[in-house]
Number of protein chains: 2
Amino acid sequence: MPDPIARLAAELGDAFTTQQELLEDARADRSGWVSASAPLGVVRAHTVEQVQAALRIATELRLPVVPRGTGTGLAGGATGSSGELVIDVSAMNRILEIRPDDELAVVQPGVINADLDAALEPHGLWFAPDPASKNIASIGGNIATNAGGLLCAKYGVTRESVLGLQVVLADGRLLRIGHRTVKGVTGYDLTSLFIGSEGTLGIIVEATVRTLPRPSHEPTTLVGVFPGVREAASASAAITAARLRPAMCELVDAAALAAVRDHLGEAAVDANPLLGDRTAGASLIVQFDDADAADRADAAAELMRAFSGIAQVSSDREESERLLELRRAFHPSLEALGEVLIEDVAVPRSRLADMFDEIVRIQNEYGVSIPTVAHAADGNLHPNFVYEGGEVPEHVWAAANELFTTALRLGGTLTGEHGVGLLKRRWLRDELGDDSFELQRGVKAVFDPLGILNPGKVFA
Amino acid sequence: MPDPIARLAAELGDAFTTQQELLEDARADRSGWVSASAPLGVVRAHTVEQVQAALRIATELRLPVVPRGTGTGLAGGATGSSGELVIDVSAMNRILEIRPDDELAVVQPGVINADLDAALEPHGLWFAPDPASKNIASIGGNIATNAGGLLCAKYGVTRESVLGLQVVLADGRLLRIGHRTVKGVTGYDLTSLFIGSEGTLGIIVEATVRTLPRPSHEPTTLVGVFPGVREAASASAAITAARLRPAMCELVDAAALAAVRDHLGEAAVDANPLLGDRTAGASLIVQFDDADAADRADAAAELMRAFSGIAQVSSDREESERLLELRRAFHPSLEALGEVLIEDVAVPRSRLADMFDEIVRIQNEYGVSIPTVAHAADGNLHPNFVYEGGEVPEHVWAAANELFTTALRLGGTLTGEHGVGLLKRRWLRDELGDDSFELQRGVKAVFDPLGILNPGKVFA
């Protein structure tokens with residue numbers, strides 16, 4: 001048995017490291033999860049060939065491999081542990097091509113979401129997927145998790161923005177899948193199969209992404225404050241039912257709002273006096289970007305009032321941006337309070353208010369506080385558990401378990417956009433059923449017959 | 001070896017038939033392809049249980065199975081031949097559920113695309129995928145081929161409108177995949193894997209589809225007539241580059257326009273005097289459906305004029321419908337002239353004019369006429385070969401071969417929306433490459449280990 005460290009160092013040179021600090025970094029992501037011990041080494045790939053070489057060695061030596069981007073995942077999917085080789089592609093961060101006439105871009109996996117968007121702006125183009133972490137998250141990771149975000153209600157998830165991929169397979173072969181065309185049905189849709197596969201099928205080393213024309217009009221933003229979360233959820237449902245098609249519809253409950261207020265201070269919150277109302281039970285931040293956005297916002301404001309909401313419309317860009325910053329500050333605000341377990345259930349939109357009722361019930365039953373934000377127009381909720389110390393306490397897991405099974409009972413799913421990773425794998429079979437679970441494992445075995453790619457993630 | 005016909009008749013009763021007329025029907029689809037001989041029988045399924053029973057018997061007896069909907073495919077994918085069992089789900093045509101609040105519908109596979117859309121209209125909802133065959137094509141077939149259509153430029157293909165499926169596997173098990181939620185990343189995206197799988201992985205028996213709010217404004221339609229096809233293609237590219245985002249942008253070349261004119265008569269063409277211009281080299285039919293559609297149409301008309309086009313804007317709904325009827329009449333018009341081999345290449349949008357140049361070259365080199373329409377804003381072309389008699393002549397296959405290899409050379413694909421079926425399988429490996437081809441066969445084997453599902457289709 002050759003020494004894997006010596007072998008990797010010999011073939012990969014400086015791209016391979018066992019530096020303690022970098023090994024420590026690779027134990028964690030942004031979920032709060034930290035693996036039990038450090039991985040054996042990290043390949044900091046700068047080229048496709050380095051990824052291929054690392055995977056050839058891993059196949060030869062049967063080394064478990066953890067693909068990793070900028071480490072902003074929220075399910076533990078990119079965390080490395082004892083005996084594992086982490087392949088970090090965050091330094092592969094070049095935009096290789098922007099084709100304004102084809103409305104596409106070709107990027108390396110480490111390109112930051114917001115950086116691609118900034119590069120597209122001069123061409124009147126836009127990369128629509130916008131996870132709340134867009135300033136720190138890489139496109140490769142967005143694709144590996146099929147990331148969602150704030151604009152999915154109208155613009156879809158990452159899957160809708162990927163045309164083709166280059167992936168390195170477990171044995172080091174480079175595979176090209178998908179198209180540069182906007183349509184194409186030649187054989188199975190392997191591109192979609194890789195999107196959301198969380199590093200279990202191969203390592204994404206290049207992506208051809210679809211871009212959209214930037215909305216031609218300034219968005220109109222509408223804020224509503226409600227006596228309770230049920231009213232806010234009902235107003236969101238009414239906005240959907242009225243076919244108003246918001247680009248964004250974010251719900252923030254009272255506990256979440258309080259955390260943001262405490263974290264950012266009153267001055268930030270004063271950017272919108274409505275949000276400063278400490279008696280509020282929940283608020284909605286809704287954005288329209290059509291040519292008739294103002295009309296749509298007025299119609300939505302009427303619906304908010306029908307559910308006891310106080311509504312205020314703004315078409316000022318800076319004010320809108322400040323409001324969204326409050327929303328994006330939610331996760332850092334909770335982190336300031338302690339360790340956070342972020343959940344990510346989704347339910348059919350019509351069940352959103354019911355799901356909030358269930359969260360109240362679970363809070364009471366388990367004696368925990370669950371500050372929650374929701375991409376309301378998608379029915380996608382992020383209930384959060386804040387706790388002290390390193391390990392997730394058992395009563396928090398018990399409450400999370402109740403949350404997942406409730407979401408499934410309401411016709412929903414245990415993860416809308418964060419992925420399964422380590423933190424949700426124990427519920428995977430419950431949602432998929434035995435047949436689907438086994439078929440998925442069969443598909444994995446086609447791409448990774450030795451089972452070296454991200455073992456233990458997704459599939460328990 | 002039990003007699004399969006006796007066995008099927010015993011278990012399925014009236015749902016199984018060997019009636020000669022129905023066997024004959026199942027030999028063909030709308031591509032013009034007719035199989036060499038009739039299948040051994042047809043199951044006309046009315047229930048999921050019948051599909052399951054038929055597949056259990058097929059697995060037991062190793063019978064090859066051909067899944068079939070309304071038979072409107074254009075690649076021979078649903079045609080049955082000697083020794084094969086056709087499972088026809090066109091009679092499973094009930095809309096099971098419409099949920100206006102969730103903007104979704106649950107349908108059986110035989111529901112006609114246009115019928116679903118008509119049922120959604122009272123709710124202000126819309127089923128966006130609109131293949132030209134929408135009045136006769138079933139949703140199951142749309143999904144099995146990932147059908148495109150006229151509105152893909154803005155609204156995407158069938159894949160973007162499917163949330164979940166129920167499929168019967170080769171061994172008769174019923175599998176539920178996907179979600180009722182608009183987001184969901186639990187495990188691999190098996191739903192996308194089935195979309196476009198052309199009956200090779202399982203039989204779709206139920207679909208949960210996503211619907212959209214109907215466009216709130218009357219569409220504005222713009223017609224442009226150009227001296228040549230290069231100018232028309234360039235104008236389409238300019239409309240894309242100006243970020244005007246048409247809902248539809250159809251190019252019809254001179255030969256195609258002449259065929260429509262001959263078929264429908266002058267009276268129909270007089271619906272738009274521009275299209276009656278016999279000196280025209282090509283025309284574009286462009287539609288905008290935003291609130292500011294009229295402004296966008298004016299901007300697009302300017303661009304048309306910059307490419308020597310004569311442009312005319314209409315916001316009259318009936319006139320727009322008449323224009324689209326002309327476009328939809330293209331395929332029947334060619335069928336009136338002889339046998340038709342419909343091709344379906346797609347190229348990156350920036351290469352559309354180049355591809356038309358290549359079609360002119362191929363016409364000259366092979367001495368064939370290739371009337372062509374294109375979903376221009378998608379870069380998706382339908383070049384057509386019209387010929388006499390039953391078999392596709394060798395020189396037509398040679399010209400088609402040149403067409404495919406040219407599309408691949410321009411960065412395109414051999415099928416944008418019709419699928420591979422029988423008629424394009426000989427080029428599949430050329431486009432996919434050996435690795436992808438073998439992986440796809442590996443995926444098929446996970447779902448269909450005995451290889452009984454649509455054998456010989458897609459994979460040669």
Side-chain angles (χ1 to χ4, degrees), chain A residues 99-103 124 145-146 148 152 157 160 173 175-177 179-189 192-193 195-197 213 237 240-241 243 245 290-292 346-350 378-380 411-417 419-420 428 431-432 435-436 439-440 442-443 446-447 458, chain B residues 99-103 124 145-146 148 152 157 160 173 175-177 179-189 192-193 195-197 213 237 240-241 243 245 290-292 346-350 378-380 411-417 419-420 428 431-433 435-436 439-440 442-443 446-447:
Chain A
R99 284 298 303 245
D101 46 359
D102 287 321
E103 295 186 345
T145 55
N146 192 17
C152 303
V157 292
E160 273 81 69
R173 279 179 297 164
L175 181 73
R176 291 178 176 80
I177 50 180
H179 307 92
R180 279 176 75 93
T181 51
V182 288
K183 283 161 144 179
V185 290
T186 319
Y188 299 137
D189 185 356
S192 291
L193 190 65
I195 297 171
S197 65
T240 294
R243 312 287 170 245
R245 224 175 172 209
D290 306 84
D292 57 352
V347 292
R349 289 177 271 210
S350 59
D378 299 325
N380 184 195
T413 175
L414 66 94
T415 175
E417 56 183 12
V420 177
L428 184 66
E431 177 168 339
L432 296 183
D435 285 341
S436 184
L439 286 166
Q440 300 213 3
V443 169
V446 170
F447 290 86
V458 185
Chain B
R99 283 299 303 246
D101 46 0
D102 287 321
E103 295 185 345
T145 55
N146 192 16
C152 303
V157 292
E160 273 82 69
R173 278 179 298 164
L175 181 73
R176 291 178 175 79
I177 50 180
H179 306 93
R180 278 176 76 93
T181 53
V182 289
K183 283 159 142 180
V185 292
T186 318
Y188 300 138
D189 186 356
S192 290
L193 191 64
I195 298 171
S197 66
T240 295
R243 311 287 169 246
R245 220 170 178 214
D290 306 84
D292 56 353
V347 293
R349 288 177 270 210
S350 59
D378 298 324
N380 185 194
T413 174
L414 67 92
T415 174
E417 57 183 9
V420 175
L428 183 67
E431 178 169 338
L432 295 182
D435 286 342
S436 183
L439 286 165
Q440 300 213 4
V443 169
V446 170
F447 290 85

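Heavy-atom basis, side chains included; hydrogens, waters and symmetry copies ignored. Each chain gets a letter, A, B and so on, in the order its sequence line appears, and its residues count up from 1. Being a predicted model, the structure only gives us computed values, none of them experimental.
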- Item | Option that, when pairs with chain B are counted at under 4.5 Å, heavy atom only, ranks first among A:Ala237, A:Gly184, A:Gly412 | A:Gly184
- Task: Report the C-alpha separation of A:Val446 and B:Val446 in whole Å, then their side-chain angles, then the decisive distance to 0.1 Å, and conclude whether the side-chain contact (heavy atoms from CB on, under 4.5 Å) test is met.
- Result: CA-CA 8 Å; A:Val446 170; B:Val446 170; 3.6 Å; yes
- Message: Restricting to non-hydrogen atoms, name the atom on A:Gly416 and the atom on B:Lys183 that form the minimum distance, rounded to 0.1 Å.
- Response: O-CB, 3.4 Å
- Pick from B:Val420, B:Asp101, B:Asp435: which one has the most heavy-atom pairs with chain A under 4.5 Å? B:Asp435
- Counting heavy-atom pairs under 4.5 Å to chain A, which of B:Arg173, B:Glu160, B:Arg176 comes out on top? B:Arg173
- Note on the structure: If one checks every heavy atom of A:Asp292 against chain B at 4.5 Å, the contacting part turns out to be both
- Where does A:Ala346 contact chain B at under 4.5 Å (heavy atoms): side chain, backbone, both or neither? both
- Note on the structure: Whatever's closer than 4.5 Å to a heavy atom in chain B on A:Val157 counts as side chain
- Item | Minimum heavy-atom distance B:Leu428-A:Thr186, with the two atoms named | CD1-CG2, 3.2 Å
- Tell me, side chain or backbone of A:Leu414 under 4.5 Å from chain B's heavy atoms, or both, or neither? both
- Query: Taking only residues two or more places apart in sequence, or in another chain, which ones meet A:Thr181 in a side chain to side chain donor-acceptor pair (under 3.5 Å)?
  - Reply: none
- Task: Take B:Ser350 and A:Arg99 through the test side chain to side chain donor-acceptor pair (under 3.5 Å) and record every step on the way to the result.
- Result: CA-CA 9 Å; B:Ser350 59; A:Arg99 284 298 303 245; 3.2 Å; yes
- Query: Between B:Leu175 and A:Ser436, is any pair of side-chain heavy atoms under 4.5 Å apart?
  - Reply: yes
- Do A:Asp102 and B:Arg349 meet the salt-bridge criterion of a basic N to acidic O distance under 4.0 Å? no
- Could you go through the side-chain contact (heavy atoms from CB on, under 4.5 Å) check for A:Glu431 and B:His179 one step at a time? CA-CA 10 Å; A:Glu431 177 168 339; B:His179 306 93; 3.5 Å; yes
- Contacting region of B:Leu439 [heavy-atom separation from chain A under 4.5 Å]: both
- Mind checking what makes side chain to side chain donor-acceptor pair (under 3.5 Å) contact with B:Thr415, not counting sequence neighbours? B:Asp344
- Interchain contact, B:Asn380 with chain A, by part (heavy-atom threshold 4.5 Å): side chain
- What residue in A:Ile177, A:Thr145, A:Thr240 has the most heavy-atom pairs under 4.5 Å with chain B? A:Thr240
- Task: Determine, stepwise, if the pair A:Val443 / B:Phe447 fulfils side-chain contact (heavy atoms from CB on, under 4.5 Å).
- Result: CA-CA 9 Å; A:Val443 169; B:Phe447 290 85; 3.9 Å; yes
- Message: Quick check for you: among B:Gly419, B:Gly124, B:Ser192, which has the greatest number of heavy-atom pairs under 4.5 Å with chain A?
- Response: B:Ser192
- Item | Contacting moiety of A:Leu193, where chain B heavy atoms sit under 4.5 Å | both
- Message: To check you understand the geometry: which heavy-atom pair defines the closest contact between A:Arg243 and B:Pro213, and what is its length?
- Response: CB-CB, 3.8 Å
- Interchain contact, A:Gln440 with chain B, by part (heavy-atom threshold 4.5 Å): both
